[in-house]
Structure formats: structure tokens, C-alpha cells
There are 2 protein chains.
Amino acid sequence: MRLLLVEDDLILKDGLERSFVKSGYAVDVISDGEGANKLLTYQEYDVIVLDLGLPKLSGFEVLKRLRARGSNTPVLILTALEDTQNRVKGLDLGADDYLTKPFELAELEARVRALIRRGVSGGSAKISFGDLTFDTTNRQCMAGDIALSLSARELALLELLMLKASKVVSKAKIMEHLCSWDDEISENAVEVIVSRLRKKLNVFDIEIRTIRGLGYLLAKLENQNP
Amino acid sequence: MRLLLVEDDLILKDGLERSFVKSGYAVDVISDGEGANKLLTYQEYDVIVLDLGLPKLSGFEVLKRLRARGSNTPVLILTALEDTQNRVKGLDLGADDYLTKPFELAELEARVRALIRRGVSGGSAKISFGDLTFDTTNRQCMAGDIALSLSARELALLELLMLKASKVVSKAKIMEHLCSWDDEISENAVEVIVSRLRKKLNVFDIEIRTIRGLGYLLAKLENQNP
DNA sequence: AATTAGCTGTCAGTTTCACGTCAGCTTGAT
DNA sequence: ATCAAGCTGACGTGAAACTGACAGCTAATT
């Protein structure tokens with residue numbers, strides 16, 4: 001899952017980024033409104049965490065323009081405690097949730113997860129496909145009642161494939177979802193992750209099918225059309 | 001999705017066309033205002049990318065006449081950087097978005113996508129014909145809820161045929177659509193691709209009919225005139 | 001500091017398979 | 001009957017994908 005963090009406070013910025021990365025998000029961080037606005041014209045995210053007090057272009061303006069372009073990416077805004085007025089204004093402009101500083105890290109993460117859930121899987125914390133159930137809250141994948149032991153990368157890939165189950169996901173899309181802007185990986189790296197994940201999945205009733213030249217898709221074994 | 005690109009700069013024209021085609025749009029390109037205006041009187045598009053500086057008839061005039069005919073097709077105009085005045089004029093005339101040169105390719109594509117989403121097409125980038133639904137966003141063809149497993153070439157051909165459903169598509173047009181301009185394929189190659197695609201489609205209620213000497217057309221099986 | 005263990009990207013050698021070509025056949029028009 | 005257009009099974013090729021081995025990195029432990 002790809003997340004954009006727009007925040008100018010140095011300490012907060014670093015702390016949040018590290019924490020999100022650790023939780024398996026691909027995180028881009030930007031500290032001014034102008035840059036954020038520009039970035040958002042051509043880069044899609046799964047969720048945006050937006051501080052309202054920003055240099056150059058206010059968080060309001062960033063949000064307003066994002067919505068004006070027709071995007072419905074979930075946005076969580078961060079406001080100061082006393083700033084009820086602005087909070088309301090933000091929600092009016094199309095923010096999906098807010099959090100007042102100071103806040104608990106765990107709460108922010110929980111709310112971000114909730115936003116992603118709401119946008120993508122119809123509100124459920126769990127995605128099921130075949131034998132497998134992906135639990136987005138604990139970030140683990142279960143087969144029945146036992147948890148698969150997957151690495152962070154494998155987990156992120158499986159999450160993406162399960163979200164788009166039965167749809168073709170291109171390597172470019174995968175790279176985009178697994179990596180933030182400053183760490184790029186090769187196409188081959190994706191192939192390697194797929195290979196490793198396949199090994200761990202081959203006892204179940206699903207498979208990662210290769211569509212040569214286009215990408216991969218998650219399919220149930222029985223649904224083969226030769 | 002069908003896109004009209006009106007641009008006279010040779011290099012830009014080719015680059016944009018290739019990029020849009022690669023992203024799965026059916027692209028028509030025309031380089032003068034008069035031709036564009038004429039074309040738009042009888043051909044509908046899902047989105048139009050319009051350069052303002054054009055020979056013969058200015059982009060303004062093309063846009064003005066399009067709106068005068070009552071069309072609400074989304075239009076994105078391209079302007080020179082310093083040309084604020086014209087940009088405003090364009091938006092007044094009914095353009096839906098603008099981009100100043102030079103621009104990022106990714107940004108143009110994102111804005112075009114946004115326009116299509118926002119537009120009258122209701123956001124569903126899907127073409128249906130008979131049993132089949134072609135999902136241009138995910139680039140795959142569904143029969144009910146199962147995805148056909150088609151190769152890249154077969155997919156591209158089917159997309160073209162479905163876009164022009166019930167209309168004759170010449171081999172030349174097909175070759176043009178399947179190949180970028182430095183790799184050419186023989187007419188026979190097209191025949192082979194048609195043959196392979198037919199095999200995969202013959203369980204459904206549509207067929208690829210051969211019109212000897214002219215090309216192919218996609219037709220529903222019941223509509224046979226014997 | 002050193003060691004260990006697990007994760008992950010790169011590389012290189014191998015395998016796979018989509019697609020264009022070809023050749024021989026079928027169809028249809030005149 | 002003749003010829004051109006189209007169809008399709010077979011085949012070779014090269015690009016795409018797979019995967020075992022390895023090395024760099026991080027985090028945890030000693």
C-alpha cells in the first residue's frame with residue numbers, strides 16, 4: 001500500500017515515516033504544499049496523511065485541488081487541538097478523517113488502516129480468496145487458523161494480488177505499490193518475489209498466473225480456461 | 001476509450017500517440033484545426049487533447065464550434081507556459097482542464113484519466129458486446145465473472161474490434177493498432193492472430209466475420225444474413 | 001565488536017512460450 | 001477452371017520469465 005505523508009515538522013515527519021515503513025507501507029514524504037500538489041497530479045496513492053499547516057500552499061488548498069481533479073483517494077488531516085474551525089473546514093473540503101495533535105501513533109495507524117479498508121475492500125478488515133484470508137489489521141495471511149510465515153515483501157505482494165483478485169496486475173503496478181519514490185527495484189526483483197511467494201502458496205487452491213507481457217493475476221486453480 | 005489528439009508538433013505528436021496507445025487508448029491523431037473540426041462533426045470521442053496553436057483553424061475555434069454543436073466531450077487544452085491569457089480564454093470557452101508545456105507525460109495521462117472518470121461515461125471504462133465485457137482499465141476481457149486468458153496481441157485485437165463493434169476494420173488498421181511504427185508485421189500475421197482469437201471466442205455468442213478484401217468485423221451470431 | 005539469522009535485491013544460466021513465418025489447404029469470386 | 005484471399009497446423013526464434021546462488025544489509029544476540 002502506497003502512502004503519501006505531507007508534513008513539515010521534521011521530528012514528526014521522520015517518526016511517522018519510520019513507523020509506517022515498518023508497518024509495510026511504501027511511503028513518500030513531502031514537506032511543502034506546492035510539491036504535494038504537483039506530485040498528486042500524476043501519482044496515485046492509496047491514502048494521504050495531510051498536515052494542514054504547510055509552507056507555500058496550505059493543506060486546504062492541496063486537498064481542494066485534489067478533489068477538483070476528481071480524485072477520491074482517502075485523506076486524513078492532522079490539525080492542532082484547538083483548531084475546531086479548520087477541522088470542520090477540512091472535512092467540508094473532502095477529507096475522510098482527522099486527528100488532532102498530539103496523538104497516539106497507534107491511533108493514527110489504526111485510522112489509516114480503516115480508511116484503506118473503507119476505500120478498497122468494502123469496509124471489511126479481511127479479504128478472502130480461495131483457501132486464504134488476508135487480515136489487514138494484523139497484516140498477516142491465514143489459511144484456516146494457521147498463519148503463513150511470509151516476509152514483508154511477500155505479504156505486500158500478496159495483499160495487492162488479493163485486493164485485485166482475478167485481475168491482471170502489471171509489474172509496473174506492483175513496483176509502484178511496493179516501493180516509494182527513492183527506492184526503485186528492477187523488474188527481475190518482482191519476478192523473484194513472485195517466485196518466492198509461489199513456493200509458499202503451492203499447497204493451496206490458488207495460484208499466481210503469469211500473463212506474459214502484461215503481468216500477474218491471482219486465480220483459483222479450478223478456473224482454468226485453456 | 002477513444003481519444004482524439006490534435007497537435008501539429010511532429011515530435012510531440014508521435015510521442016503522445018505512442019504513449020496513449022501503449023496505455024490502451026484507441027487514438028486518432030490530426031494535426032490541423034480544420035480537419036479536427038470536420039472530424040468532430042461526425043465522430044464522437046471520450047476525451048480530446050487539444051493544442052491551441054494550430055494551422056488553418058485555431059484550437060479556440062475548434063473548441064468553440066464543438067461546444068456550439070452541443071457536445072460535452074471532455075477537452076484538455078495544451079498551452080505555452082507564458083500564455084496565461086489564452087489559458088483563461090480556453091477555460092471560458094468550455095475546456096475542462098489545461099496543461100502548460102512543457103509537461104510530464106505522467107501528468108498528462110493522469111489528467112486525461114481524471115477527465116474520463118469525471119465525464120459522462122460514468123467512470124466505467126468498459127465496453128460490452130454480446131457475452132463479453134472489455135475492461136479497459138484492467139486491460140482484460142470478461143465473460144460474466146470469469147476472465148478470458150488472452151495474450152497481449154489477442155487482447156489488443158479484441159479491444160479494437162470491440163471498440164468498432166459491427167464496423168469493418170481493415171487489416172491495415174489492425175496492423176497499425178498492434179504495431180508501433182518501427183516494427184512491421186505481415187498481413188498474414190494478422191490472419192494468424194485472428195485465427196487464434198477465434199478459437200478462444202467460439203464458445204460465445206459473437207464471431208469475427210471476414211469481409212473479403214476489406215477486413216474483419218465483430219458480430220453477434222444471431223445477426224446472420226444468409 | 002563480533003556473530004548470526006533472516007530478508008531482499010542482483011546476477012547469470014536455464015526454461016518457457018507468444019508470435020511471426022511458412023507452407024499447404026480451403027474458400028469464394030469471376 | 002483459375003486465381004486471389006484467407007485459414008490454420010507446424011515450427012523456430014528471441015524475448016520474457018523463472019530460479020538457484022550469492023552478497024549486502026539490518027536487527028537481534030552474545
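Chain letters run A, B, ... following the sequence lines, proteins first and then strands; every chain starts at 1.
The Glu187(B) side chain lies nearest to dG6(D) when the options are dG9(C), dG6(D), dG9(D). Distances from the side chain of Asn188(B) to the nucleotides dT21(C), dG9(C), dC18(D) place dT21(C) closest. Distance from the side chain of Ser186(A) is smallest to dT10(C) among dT10(C), dC22(C), dA17(D). Which of dG9(C), dC7(D), dG20(C) sits closest to the side chain of Ala189(B) comes down to dG20(C).
Atom CD1 of Ile185(B) and atom P of dC19(C) are 10 Å apart (whole Å). The CG-P distance, from Leu157(A) to dC18(D), rounds to 12 Å in whole Å. What separates CE of Met175(B) from C1' of dC19(C) is a distance of 15 Å, to the nearest Å. Atom CZ of Arg198(A) is separated from atom P of dG20(D) by 13 Å (rounded to the nearest Å). Ile193(A) places its CD1 atom 14 Å from the C1' atom of dA17(D), with the value rounded to the nearest Å. Atom CD in Glu191(A) sits roughly 14 Å away from atom C1' in dG13(C) (whole-Å rounding). Between the CZ atom of Arg209(B) and the C1' atom of dT27(C) there is a distance of 17 Å, rounded to whole Å. As rounded to whole Å, 14 Å separates atom C1' of dG9(C) from atom CD of Glu184(A).
Within the 4.0 Å cut-off from OP1 or OP2 of dT8(C), at least one side-chain nitrogen or oxygen of Ser151(A) is found. OP1 or OP2 of dG6(D) sits under 4.0 Å from a side-chain N or O of Lys171(B). Taking side-chain N and O atoms only, Ser195(B) has no distance below 4.0 Å to OP1 or OP2 of dG6(D). Contact annotation: Thr210(B) side-chain N/O to dC7(D) OP1/OP2 distance is under 4.0 Å. Remark: Lys199(A) is in phosphate contact with dG20(D), judged by side-chain N or O atoms under 4.0 Å from OP1 or OP2.
With hydrogens and angles ignored, the 3.5 Å screen pairs a side-chain donor or acceptor of Asp205(B) with a backbone N or O of Asp131(B). Under the 3.5 Å distance criterion, the side-chain polar atoms of Lys13(B) are left unmatched by any main-chain donor or acceptor of Val29(B).
Taking the screw axis at each terminus of the helix from dA1(C)-dT30(D) to dT30(C)-dA1(D) from five consecutive base pairs, the angle between the two is 30° to within rounding of 10 degrees.
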Let me see the working for Asp46(A) and Tyr25(A) under side-chain hydrogen bond (donor to acceptor under 3.5 Å, both in side chains), right down to the final yes or no.
-> CA-CA 10 Å; Asp46(A) 297 296; Tyr25(A) 295 91; over 6 Å; no
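Between the side chain of Arg196(A) and the base of dT19(D), no donor-acceptor pair under 3.5 Å is found. Arg212(A) contributes no side-chain N or O that forms a donor-acceptor pair with the base of dA17(D) under 3.5 Å. You won't find any donor-acceptor pair under 3.5 Å spanning the side chain of Arg153(B) and the base of dA18(C), going by distance alone.
Nearest heavy atoms, Asp9(B) versus Glu7(B): N-OE2, 2.9 Å.
The salt bridge (Lys or Arg N to Asp or Glu O under 4.0 Å) analysis of residues 102-116 of chain A, with sequence neighbours excluded, yields the pairs Asp97(A)-Arg111(A), Glu107(A)-Arg111(A).
No side-chain donor from either of Thr100(A) and Thr79(A) sits under 3.5 Å from a side-chain acceptor of the other.
Counting non-hydrogen atoms under 4.0 angstrom, Lys22(A) reaches nothing in the nucleic acid.
To the nearest 0.5 Å, atoms OG (Ser151(B)) and CG (Leu158(B)) are separated by 11.0 Å.
Two residues, Tyr216(A) and Val192(B), neighbour DNA chain D, and the one matched to the more 5' nucleotide by heavy-atom proximity is Val192(B).
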Let me check something: any side-chain donor-acceptor pairs from residues 138-145 of chain A under 3.5 Å, sequence neighbours excluded? List them with distances.
from: Asn138(A); atom 1: ND2; to: Asp135(A); atom 2: OD2; distance (Å): 2.9
from: Arg139(A); atom 1: NE; to: Ser23(A); atom 2: O; distance (Å): 3.0
from: Arg139(A); atom 1: NH1; to: Glu159(A); atom 2: OE1; distance (Å): 3.2

